[in-house]
Structures are given as C-alpha cells and as structure tokens.
Amino acid sequence: MRVKDICTRAVRFCSLETTLAEAGAAMWVGVCGVLPILDETGMVLGVVTDRDLAIGAAAKFRPAAEIAVREVSSANLYTCKPGDEVRVRARSKELESV
C-alpha cells in the first residue's frame, strides 16, 4: 500500500499566527489530530498536534485564544512522497527532514 492510498486530500492547515483555539476548532471540524503549518507562500514549516495544543494551553497559563501556534509547535518535520510504500516509510530511519 502506498502513502497516496491512505492520505487525506482535503487537508486543513494553519499558520504560525493561528491561535490554539482556532487550531483546535479546525482539528475538531476536520476530525484530525495534526495540522500542517504553512507560510504565506504555502510552504510547510512544521506541524502542530492535538497534544501540542493540550500541553501548550496547560503550560502557558493563558487562554488558548491568546496563544499562537508558533509558541507550541513541533520543530522537526519529516516527509514522504505519495508513491512511497507505507510500511517501508513507517520503519525507515532515513526519513527526509525538512
């Protein structure tokens, strides 16, 4: 099975300035637990997960509507190509870091 066979094509995303509340709402509507973070040109900068939102909101002691994604997002991003085999990529130690 290839990555393209299981990936979502209607991807929700956010920016570094998106608030945790907005990102959480996008995840809720999209029934997902991760959002790619895009810059103004559409380049992927990283990702933010539902765990990032939960821990970030708890640790910052501020309302989620006042915390930007840039404050809690993951720094490392690993990618794969649509034609890659899922099982091979899941085990791979040679993932491409962006």
Within this structure, what is the [atom1]-[atom2] distance for the pair [X] and [Y], rounded to the nearest 0.5 Å?
{"X": "S73", "Y": "L20", "atom1": "OG", "atom2": "CG", "value": "10.0 Å"}
{"X": "F61", "Y": "I67", "atom1": "CZ", "atom2": "CD1", "value": "10.5 Å"}
{"X": "E71", "Y": "E66", "atom1": "CD", "atom2": "CD", "value": "10.0 Å"}

Locate the shortest heavy-atom distance separating D39 from T41; write the atom from each residue and the value. OD1-OG1, 2.7 Å
Between A23 and V69, the two heavy atoms sitting closest are CB-CG2, 4.1 Å
Do I55 and V72 sit in the same hydrophobic cluster, where Ile, Leu, Val, Met, Phe, Trp and Tyr count as joined when their side-chain heavy atoms come under 4.5 Å apart? no
Is any side-chain heavy atom of [X] closer than 4.5 Å to a side-chain heavy atom of [Y]?
{"X": "V47", "Y": "I37", "answer": "no"}
{"X": "R12", "Y": "V29", "answer": "yes"}
{"X": "V48", "Y": "M27", "answer": "yes"}

Exam field: side chain [X] to backbone [Y], donor-acceptor pair closer than 3.5 Å:
{"X": "R70", "Y": "E17", "answer": "no"}
{"X": "E85", "Y": "M1", "answer": "yes"}
{"X": "T8", "Y": "V11", "answer": "no"}

In sequence, state the C-alpha distance, the side-chain angles, and the governing distance for M43 and L38, and then conclude on side chain to side chain contact (heavy atoms under 4.5 Å, CB included). CA-CA 5 Å; M43 182 175 179; L38 306 183; over 6 Å; no
